[in-house]
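So you know, we letter chains A, B, ... as the sequences are listed, proteins then strands, and number each from 1. Because only heavy atoms are used, hydrogens play no part in the values below, and waters and symmetry mates are left out as well, while side chains stay in.
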Amino acid sequence: MTQEKYNIKECEKKWRARWDEAKCFEVTEDPSKEKYYVLAMLPYPSGRIHVGHVRNYTLSDVVARYKKAQGFNVLNPMGWDALGLPAENAAMERGTHPADWTYSNIEEMKRQLKAMGLAIDWSREVASCDPEYYKHEQKMFLDFYEKGLAYRKESVVNWDPVDNTVLANEQVVDGKGWRTGAPVERRTLSQWFLKITHYADDLLEALKDLPRWPEKVRIMQENWIGKSQGLQFKWDVIPQNGTRISNRSEAEAGNAEIEVFTTRPDTLFGASFIALAPDHPMAKKLAEGKDGFNEFLKQCQSVGTSEEAIAQAEKIGFDTGYKATHPLLPGQEFPIYIANFILMDYGTGAIFGVPGHDQRDFDFAKKYGLPIKEVISSGNSSIENEAYTGPGKLVNSQWLDGREIEDAKAEVIKRCENIGNGFGTTQYRLRDWGISRQRYWGCPIPMVHCDKCGVVPVPEDQLPIELPMDINYDEPGNPLARHPTWKNTKCPKCGEKATRETDTCDTFFESNWYFLRYLDPCNEQRGFDKDKAAYWMPVDQYIGGIEHAVLHLLYARFCTRALADCGWLDVKEPFTGLFTQGMVTHETYQDEKGHWVTPAEYEALKDKSKIKVGPTIKMSKSKKNVIDPEDILGTYGADAARLFILSDSPPERDLQWTESGIEGAWKYINKLHRMIMEQKDNLPAPGAPNPSKFSENASKLRSATHKAIAGVAKSIESFAMNKAVAQIRELSNAIQSFKPADDADRWVQREAFETLIKLFGPMMPHLAEELWAALGHKTLLAQSPWPEVDESLLANDTVTIGVQVNGKMRAQITLAPDAAEDTAREAALAQDNVQKAMDGKEIRKFIYVPGKIVNVVAN
RNA sequence: GCGGCUGUGGUGAAAUUGGUAGACACGCCAGAUUUAGGUUCUGGUGCUUUCGGGCGUGGGGGUUCAAGUCCCUCCAGCCGCACCA
């Protein structure tokens, strides 16, 4: 028998055109409706969409369409994170202009995304490389500068020698550039910084108010911010000749004190040495010219660059010969070392070593023969072989003896404060965000350098500072800096000749606020209107990859706070809900020679026996285990791709892309189409009155239908899309096995069909529209509400429960859900298997949980 | 080293507050349709068995009438951070 086949390509195209005509997904602020802001992380326009994009945007689309059906005013926008290095690399390789490359990529990717049938308000599309976009970013920077949230300082920076630019701390992974993988070098440069540390505590504390964020991401941010509380105080340096450093030699030495930070002030009496970071300013002063110092410094630098290598490296130190004292430890002198395990970046770059209770100090003390004192004891703890860091009470500590650790900490801080040397303080691991990049394809930093006036901000009315279009990549380095005229300008203050800042912003700046630009994308005067932000913000559901757990998500949280402080909006926490999707993985294939083979090549092979099938791993170009979404959309259509992505694997977990999986989805789509097309002409008209009397089978189907409504809604809301798909398939199975006998049955069949269509609408929107129309509806399903649940149909008349004897399942009985215990007992004991298992033994206990279980305890 | 997550059939996975483990699929087996393959439809499919049963959620132990779920302990894999004082 020939079937009327579902013409996927034409139907999908048709419905996308209909949605466009009806402007289905274009929204405006509507105070009468509750808003819902769905945000998917915006793509970088690399040229082609990849399967990760398809997963991301399918998820956001299901949420958007579902919430819209629920009656929310849903904003679901899309844009392009369009500044960045790949454009420049492409420009160098192909001789095109980064702008041309970027805009043609955007066009291509937009076409691909549109083929997915996403419920996006494209009228709000933004591209961050548009001067109309970065103009507002420049204004933002000026406001930050005004508020002291942007500043310039000379600092040691991470230099990526391949990309020829600076990297933020967050962009250095294992001592290597996050993009290039090249070992980063240390350079001293004058750089622009954003004062993210100003918000360190708020960024940390507010994580507690983000219950709809994954725990994992909150922990990662918490660790990144790295708050620790302790005492900062000073030790006096004694010169080698035994007398205190005089004022004159103090001036020579620069300082006669060493300031340290500790989280364990309680262990003060366990101190046995002072240690400075090799790049500590005092280190040079105390050790310069001494025998072996230069060799020591060299040794410090020879350690590998990876974090792990640094952490595992042997602890080495250099004895300066100087000693230090502290007023709370009268009569004691402590040697001052320079040690490779002390970081200049953290705390004060100096510590006092307590070998008994810090493993690093312990290792160091062992090596250099320094005293190891026990000052904390739990009674059975020991510092014989390793440092003791557990709980206990203070010992060998004079006026602290017997105290609890926390108590002792407070006491030492108090005494230091009393003698005017030191204070309780908080340290953060978080550093300010260095945003200067020595690249062309970024947002120009709107600053001018004037010989007379110094650094002068560009006046707002001169914005945007646009990138020049006539650039070349004939030589390495920043094309902006060597452009013949661009940087020449006049000082806004004195009118004399001046030079523009030629550094551009880190491209993470653009993604700091794009979700705000979506709210008001055509506003020329301001980045966005405050009232619009008041309506739409915060983002209700943000969806994207885990790789942005720290970088982007922390920067965006910072930026929203900074903007709030500059009066741009009143919300300071941008994303109330966050969902991080898993990766898309695929099997790997290698031929006899070990060359990687693509899945498409593998499928096309007649003889697959010579191919070695390797592990399923994240799709990567180098392993060639990549699926091109374009092929999938072309072959199976958008709905099949979307369905497959939502089926089986929970969205937070990795998704294994398989040929059989996508085929299965495609078959199901055809099955649904066939099922409804075969029956549609037998059904009553849309909106026919409820016959109110139903056969038993029809009642069962109604019950299944309404259970599915409640079940699918719950699953979607908890991001269990795989379960939602399973519930939809369960309903369609029930419908398929239902054989209508009369008009009432056919009414029920229509109800079930229509419900089914509405339930899979968010997932397979094209098919849903097609079938919705086939059932005689003139309206768009995309504009129809979610079906209502008839609660009375959710309860079962009877329920089948298990009967256990001594905890082992022996039989099943069917009862009313609220059947009395006597009824249950009678039914249970009437079962042959139950009698057999009881083997004539006496009933000691009879447990009956209505609707759940019977357990007969007999012995 | 520290922190987190995960471990359930051949595979992806389900399983309210502890209450019939394996829903829904993929694959596989058998049958029907088809010239054949594919599609489609029907049935079966945790392992094992002497067909009575027995055993099953990474291993071991515990609590309970009852444990994938709670507690203790060990193991494996993945991810993040890593000399942070």
With heavy atoms under 4.0 Å as the rule, sort [X] into base, sugar-phosphate or nothing.
X	result
A:Val849	base
A:Ile728	nothing
A:Ser647	nothing

Next on the checklist: Partner lookup for B:rG52, please. Criteria are Watson-Crick or G-U wobble with both distances under 3.5 angstrom; report none if nothing qualifies.
Outcome noted: none
Checklist entry - So, A:Asp361 side chain and A:Val354 main chain: donor-acceptor pair closer than 3.5 Å or not? => result yes
Checklist entry - Between A:Thr348 (side chain) and A:Glu259 (backbone), is there a donor-acceptor pair under 3.5 Å? => result yes
Item to check | Closest-nucleotide 5' rank along RNA chain B - winner of A:Ile853 and A:Gly347 | outcome: A:Ile853
For [X] and [N], is the shortest distance between a side-chain N/O and OP1 or OP2 below 4.0 Å?
X	N	result
A:Gln736	B:rC41	yes
A:Arg431	B:rC84	no
A:Asn722	B:rA14	yes
A:Arg360	B:rC84	yes
A:Thr348	B:rA85	no
A:Lys723	B:rA15	yes

Nearest listed nucleotide, side chain of [X], among [options]:
X	options	result
A:Tyr346	B:rC41, B:rA14, B:rA85	B:rA85
A:Met809	B:rA85, B:rU20, B:rU17	B:rU20
A:Arg429	B:rU20, B:rG19, B:rC84	B:rC84

Item to check | Close side-chain approach of A:Phe352 to A:Ile258, heavy-atom, < 4.5 Å | outcome: no
Next on the checklist: Using 30° and 60° as the class boundaries, would you call the ring planes of A:Tyr337 and A:Phe364 parallel, tilted or perpendicular?
Outcome noted: perpendicular
[N] and [M]: how far apart are their [atom1] atoms, nearest whole angstrom?
N	M	atom1	answer
B:rG68	B:rG9	P	14 Å
B:rC72	B:rU63	C1'	11 Å
B:rC29	B:rU16	P	34 Å

Tabulate atom names and distances for all N/O pairs under 3.5 angstrom spanning the protein and nucleotides 24-30 of chain B.
| unit_1 | atom_1 | unit_2 | atom_2 | d |
| --- | --- | --- | --- | --- |
| B:rA25 | OP1 | A:Asn733 | OD1 | 3.3 |
| B:rA25 | OP1 | A:Asn733 | ND2 | 2.7 |
| B:rA25 | O5' | A:Arg729 | NE | 3.4 |
| B:rC26 | O2' | A:Ser660 | OG | 3.3 |

Protein-nucleic acid N or O pairs under 3.5 Å, nucleotides 47-54 of chain B:
| unit_1 | atom_1 | unit_2 | atom_2 | d |
| --- | --- | --- | --- | --- |
| B:rG54 | OP2 | A:Arg810 | NH1 | 3.3 |

Item to check | A:Phe273-A:Tyr368 aromatic ring centre distance below 6.0 Å | outcome: no
Next on the checklist: Determine whether the aromatic ring centres of residues A:Phe644 and A:Trp666 are separated by less than 6.0 angstrom.
Outcome noted: no
Checklist outcome for this item: Sorted by chain and residue number, the ring-ring contact (aromatic ring centres under 6.0 Å, His included) partners of A:His552 (sequence neighbours excluded) come out as A:Tyr542, A:His548
Item to check | Within 6.0 angstrom of A:Lys700 NZ, more than 12 heavy atoms from elsewhere | outcome: no
Item to check | Within 6.0 angstrom of A:Lys367 NZ, more than 12 heavy atoms from elsewhere | outcome: yes
Between protein and nucleotides 3-7 of chain B, what N or O pairs are separated by less than 3.5 Å?
none

Checklist entry - Do A:Arg360's NZ or CZ and the ring of A:Phe341 fall within the cation-pi criteria of under 6.0 Å and 45°? => result no
Checklist outcome for this item: A:Lys852 NZ to B:rA15 P, in whole Å, measures 14 Å
Checklist entry - Should B:rG56 be called syn or anti, with syn set as within 90° of 0? => result anti
Checklist entry - Looking at the angle O4'-C1'-N9-C4 for a purine or O4'-C1'-N1-C2 for a pyrimidine, is B:rG9 syn or anti, with syn meaning within 90° of 0? => result syn
Checklist entry - Is there any salt bridge (Lys or Arg N to Asp or Glu O under 4.0 Å) pair reaching into residues 644-662 of chain A, and which pairs are they, with sequence neighbours excluded? => result none
Item to check | Atom of A:Ile372, atom of A:Ile383 and distance for their closest heavy-atom approach | outcome: CG2-CD1, 3.8 Å
Sequence neighbours left out, cut at 3.5 Å: what donor-acceptor pairs do the side chains of residues 211-218 of chain A make with other protein atoms?
| unit_1 | atom_1 | unit_2 | atom_2 | d |
| --- | --- | --- | --- | --- |
| A:Arg212 | NH1 | A:Asp540 | O | 3.2 |
| A:Arg212 | NH2 | A:Asp540 | O | 2.9 |
| A:Arg212 | NH2 | A:Gln541 | OE1 | 2.9 |
| A:Trp213 | NE1 | A:Phe575 | O | 2.7 |
| A:Glu215 | OE1 | A:Arg218 | NH2 | 2.7 |
| A:Arg218 | NH1 | A:Leu210 | O | 2.6 |

